[in-house]
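The sequence lines fix the lettering, A, B, ..., with proteins before strands; numbering per chain opens at 1.
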Amino acid sequence: MHLNKGIYMQLSDQDLVRRESLKAIREMGIDPFPHEEFTSNTNTQLIKGNFKDEKAEEFSNVSLAGRLMSKRGKGAAMFAEIQDQVGRIQIYLRRDDICPGEDKSIYNILIKRHVHLGDHIGIKGFVFRTGMGEITVHVTSFTLLSKTLRTLPVVKKDAEGNIYDAFSDPELRYRMRYVDLTVNDGIKEIFIIRSKTISAMRKWFDTKGWLEVETPVLQAVHGGAAARPFKTHHNTLDMPLYLRIANELYLKRLIVGGFEGVYEIGKMFRNEGMDRTHNPEFTSMEIYVAYKDYLWMMKMTESLLEDITKEVLGQTEVEFDGQKIDFKGPYERISMYEAIEKFTGVDISEMDEGGLRDLCKQFHISVEDNMGRGKLIDEIFGEKVEGNLIQPTFITDYPIEMTPLAKKHRSKEGLVERFELFVNGKEIANAYTELNDPIDQKERFEEQLELGKRGDEEAMAMDNDFIRSLEFGMPPTSGLGIGIDRLVMLLTGKKSIQEVLFFPQMKPEQKKENE
RNA sequence: GAUCUCGUAGCUCAGCUGGUAGAGCAUUUGACUUUUAAUCAAAGGGUCCUGGGUUCGAGCCCCAGCGAGAUCACCA
């Protein structure tokens, strides 16, 4: 890309033309960036959806604002298109209607010459249908609302809906998302689905009486998950702080404090690799409900996802990468050991660390010396099982070594009460019957410290205040976390997380020179 | 972090065995008062990502760097 040569300051010949026009507009006595509000009484969608030829008089006085997206000059008249947030509509500008007097400069000079594609305009007029049958606004009054100084890519669509010259370079699309949103079809819809998903979830929880809360993003001890954090520094306190990798331990403190249902939707930060399913900051939803267990939470999760997909998409089925995925519950439930046996034919439930290590070798799965039993099982699962779980599937009952914050299984030795929900081969939710025995919790942290000493960089740190809070008594509780970005990817059919983030993380365009 | 691929006009892309750049759209000028990927005529627009090297000569070959995408590893 030509980004290195200075995308910020270099102007193309086309951009220079716009600067010249800006000057010319001012010389005409017209403010290219006027202050006054422009009042619309409709929008493109309302007109296109409701206009009827026999009811044309209802549309005899419309006003709307938007960007000029195409111009088809025909001499003393012109067809053009205006685009607002909800769509696009054709407009018809006739010189003698816009300039009824002797002075034709608004049409001849301003509109024909100095108004460019991308400019924000306000129009008033009446709606009619052209000879070709297209609903069109016949403009009687034209206002320039904001001049565009850069050339917008022009994306054209023919009658069959074929797209020409789409603005398709992913780098440019992500860096200049404002352009992507403006010129490419369907981009806004992705983010509308994202927004609706979050708001549907929030509404669903609020209806149950659970409380939306906010917990610290800056944490002195980063806990609640296995991941490398971003480190920062507080100047006044002169101490290191970490951006949260999870908020679990804080939310549980609130359950200790007497809230019976709390949830938080917010950003987490993990200082790890980036690829098409990982961004350094991502959005998670975590919810904790007192007096519940993970069996209850599975039912809740089914019901939540079924309701949300229905609300957002109008149906529970989505199509992803050619596969039909149905969020209608109930979902298949299968324990971790059963799942591994199902896809490998090997029963690992009684295997010790050495046996698992041999099995990994047999399956050509590369493992590290510092991996404990839990991690080895996780490797086998990730390699042999995960990818097969296309329809929503609960994997339950994880080995205790992998899960230091979950309660021991009520009946199965060596396991914890945990489930993860897999869809399309990817984990999208994770839940426990939360560990509320402070002595057990302390021992689990100590085991984590041991793993840390063996070289596991992601082992959790001891959180003494969290232990203290449990000593004050946490009711039996179940917690659930959902990766919002991944859920939105499923609901929008997007294979890359960057497609569902407005501004995915990018390296800087230019090296700093003399800053 | 590793490997592979890519970077040429505002956008989307061509560019042959190495001979100092092309198209469509967009822009500018002109024609056209119901067109629609408007049309017709003409014109302008380039640090071929950056820096080295090979060569009489590099968009093309080699090396290094920058940025992006895909795959893999780690993670959600």
For this session: Output yes when A:Lys375 and A:Glu401 qualify as a salt bridge under the 4.0 Å nitrogen-oxygen rule, no when they do not.
Result: no

Exercise. Atom CZ of A:Arg129 and atom C1' of B:U35: how far apart are they, to the nearest Å?
Worked result: 16 Å

Exercise. What is the ring orientation for A:Tyr331 with A:Phe394, classed by angle as parallel under 30°, tilted 30 to 60°, or perpendicular over 60°?
Worked result: tilted

Problem set entry | Separation between the C1' atoms of B:A42 and B:U20, rounded to whole Å | 27 Å

For this session: Show the numbers, then the answer: is there a side-chain hydrogen bond (donor to acceptor under 3.5 Å, both in side chains) between A:Glu420 and A:Tyr398?
Result: CA-CA 9 Å; A:Glu420 290 191 311; A:Tyr398 284 61; 2.8 Å; yes

Problem set entry | Heavy-atom donor-acceptor pair, A:Asp275 side-chain to B:C74 base, under 3.5 Å | yes

Problem set entry | Base paired to B:A64 (Watson-Crick or G-U; both N/O distances under 3.5 angstrom) | B:U50

Problem set entry | Span that lies between the P atom of B:G22 and that of B:C16, in whole angstrom | 13 Å

For this session: Give a yes/no on whether any side-chain N or O of A:Arg175 is located under 4.0 angstrom from OP1 or OP2 of B:G67.
Result: no

Exercise. Using a cut-off of less than 4.0 Å, is there contact between a side-chain N or O of A:Lys507 and OP1 or OP2 of B:G67?
Worked result: yes

Problem set entry | hbond_proxy A:Gln14 side chain to B:U28 base (donor-acceptor, 3.5 Å cutoff) | no

Problem set entry | Ring centroids of A:Tyr164 and B:A37 base under 5.5 Å with planes under 30° | yes

For this session: Could you please name the option among B:U35, B:U27, B:A70 that lies closest to any side-chain atom of A:His116?
Result: B:U27

Problem set entry | G-U wobble or Watson-Crick pairing nucleotide for B:U71 (cut-off 3.5 Å, both distances) | B:A2

Exercise. Hey, does A:Ile82 have a side-chain heavy atom less than 4.5 Å from the side chain of A:Leu68?
Worked result: no

Exercise. Under a 3.5 Å cut-off for both distances, is B:A58 Watson-Crick or wobble paired, and to whom?
Worked result: none

Problem set entry | Pairwise P distance, B:G15 and B:C56 [rounded to whole Å] | 28 Å

Problem set entry | Between B:U27 (C1') and A:Arg150 (CZ): distance, integer Å | 16 Å

Exercise. Has A:Phe79 got its ring stacked on the base of B:A38, with centres under 5.5 Å and planes less than 30° apart?
Worked result: no

For this session: Pick base, sugar-phosphate or nothing for A:Asn279, based on heavy-atom distances below 4.0 Å to the nucleic acid.
Result: base

Problem set entry | Working for side-chain hydrogen bond (donor to acceptor under 3.5 Å, both in side chains), residues A:Asp97 and A:Thr140 | CA-CA 6 Å; A:Asp97 294 328; A:Thr140 51; over 6 Å; no

Exercise. Watson-Crick or G-U wobble partner for B:A43, using a 3.5 Å limit on both distances?
Worked result: B:U27

Exercise. Looking for any heavy atom pair under 4.0 Å, which part of the strands does A:Glu134 touch: base, sugar-phosphate only, or nothing?
Worked result: base

Exercise. With the threshold set at 4.0 Å, does a side-chain nitrogen-carboxylate oxygen contact exist between A:Asp165 and A:Lys156?
Worked result: no

For this session: Consider the side chain of A:Val154, meaning its heavy atoms from C-beta on, and name the nucleotide among B:A26, B:G45, B:A76 that approaches it most closely.
Result: B:A26

For this session: Please determine, for B:U17, whether a Watson-Crick or G-U wobble partner exists with both distances under 3.5 Å, and give it or none.
Result: none

Seminar exercise, completed: Per nearest nucleotide of RNA chain B, the residue lying toward the 5' end, A:Ser168 or A:Ala77, is A:Ser168

Exercise. Would you say the base of B:G10 and the side-chain of A:Asp15 have a donor-acceptor pair closer than 3.5 Å?
Worked result: no

Exercise. Can the ring centres of A:Tyr178 and A:Phe502 be said to be less than 6.0 Å apart?
Worked result: no

Exercise. Does A:Arg94 make a side-chain donor-acceptor contact with the base of B:U33, cut-off 3.5 Å?
Worked result: yes

Problem set entry | Beyond-backbone contact of A:Thr477 with A:Lys252, side-chain heavy atoms, under 4.5 angstrom | no

Exercise. Base, sugar-phosphate, or nothing: which does A:Gly73 touch, judged by heavy atoms less than 4.0 Å apart?
Worked result: base

Exercise. If you check every side-chain atom of A:Tyr92, which of B:U34, B:G10, B:A76 has the closest atom?
Worked result: B:U34

For this session: Please state whether the phosphate of B:G69, meaning OP1 or OP2, lies under 4.0 angstrom from any side-chain nitrogen or oxygen of A:Gln498.
Result: yes

Exercise. What's the CD1-P distance between A:Ile91 and B:U36, to the nearest Å?
Worked result: 17 Å

Exercise. If you check every side-chain atom of A:Pro153, which of B:A68, B:C11, B:U35 has the closest atom?
Worked result: B:C11

Problem set entry | Atom-pair distance (CG on A:Leu152; C1' on B:U12), nearest Å | 15 Å

For this session: Kindly say whether, by distance alone, the side chain of A:Asp165 makes a donor-acceptor pair under 3.5 Å with the base of B:G24?
Result: yes

For this session: From the options B:A26, B:A73, B:G67, select the nucleotide whose nearest atom is closest to the side chain of A:Glu383.
Result: B:A73

Exercise. Counting any heavy atom closer than 4.0 Å, what does A:Glu81 reach on the DNA or RNA strands: base, sugar-phosphate only, or nothing?
Worked result: nothing

Exercise. Rounding to a whole Å, what distance do you find between A:Met489:CE and B:A76:C1'?
Worked result: 11 Å

Exercise. Taking OP1 and OP2 of B:U35, is either one under 4.0 Å from a side-chain nitrogen or oxygen of A:Arg72?
Worked result: no

Exercise. If you measure from the C1' atom in B:G46 to the same atom in B:G65, how many Å do you get, rounded?
Worked result: 23 Å

For this session: For nucleotides B:U39 and B:G24, find the distance between their C1' atoms and express it as a whole number of Å.
Result: 15 Å

Problem set entry | Euclidean distance for P, B:U12 against B:G69 (whole angstrom) | 14 Å

Exercise. What integer number of Å spans the C1' atoms of B:G7 and B:G44?
Worked result: 25 Å

For this session: Return the orientation label for the A:Phe269 and A:Phe230 ring planes: parallel under 30°, perpendicular over 60°, tilted otherwise.
Result: perpendicular

Exercise. Over how many whole Å does the gap from A:Ile109 atom CD1 to B:G30 atom P extend?
Worked result: 9 Å

Exercise. Can you tell me if the side-chain N/O atoms of A:Arg113 get under 4.0 Å from OP1 or OP2 in B:U29?
Worked result: yes

For this session: Could you give the distance separating B:A41 and B:C4 at their C1' atoms, to the nearest angstrom?
Result: 48 Å

Exercise. Under 4.0 angstrom, heavy atoms only, what part of the nucleic acid is A:Lys157 near: base, sugar-phosphate, or nothing?
Worked result: sugar-phosphate

For this session: Describe the nucleic acid contact of A:Arg95 in one word from base, sugar-phosphate, nothing, applying a heavy-atom distance below 4.0 Å.
Result: nothing

Seminar exercise, completed: Of the listed B:U34, B:G44, B:A76, the closest approach to the A:Phe128 side chain comes from B:U34

Problem set entry | Length of the line joining A:Asp169:CG and B:A68:P, which is rounded to integer Å | 11 Å

For this session: Establish, with yes or no, whether the OP1 or OP2 oxygen of B:A38 is under 4.0 angstrom from a side-chain nitrogen or oxygen of A:Lys156.
Result: yes

Exercise. Does A:Tyr174 or A:His114 map to a spot on RNA chain B nearer the 5' end, using the closest nucleotide for each?
Worked result: A:His114

Exercise. Of all the nucleotides listed (B:U36, B:A68, B:C74), which has the minimum atom distance to the side chain of A:Pro170?
Worked result: B:A68

For this session: Using a heavy-atom cut-off of under 4.0 Å over every strand shown, decide if A:Ala225 touches base, sugar-phosphate, or nothing.
Result: nothing

Exercise. Hey, does the Lys NZ or Arg CZ of A:Lys157 hover above the aromatic six-ring of A:Tyr164, less than 6.0 Å from the centre and inside 45° of the axis?
Worked result: no

Exercise. Would you say B:U36 has OP1 or OP2 under 4.0 Å from some side-chain N or O of A:Lys71?
Worked result: no

Problem set entry | Rounded distance in Å - CE (A:Met506) to P (B:C66) | 17 Å

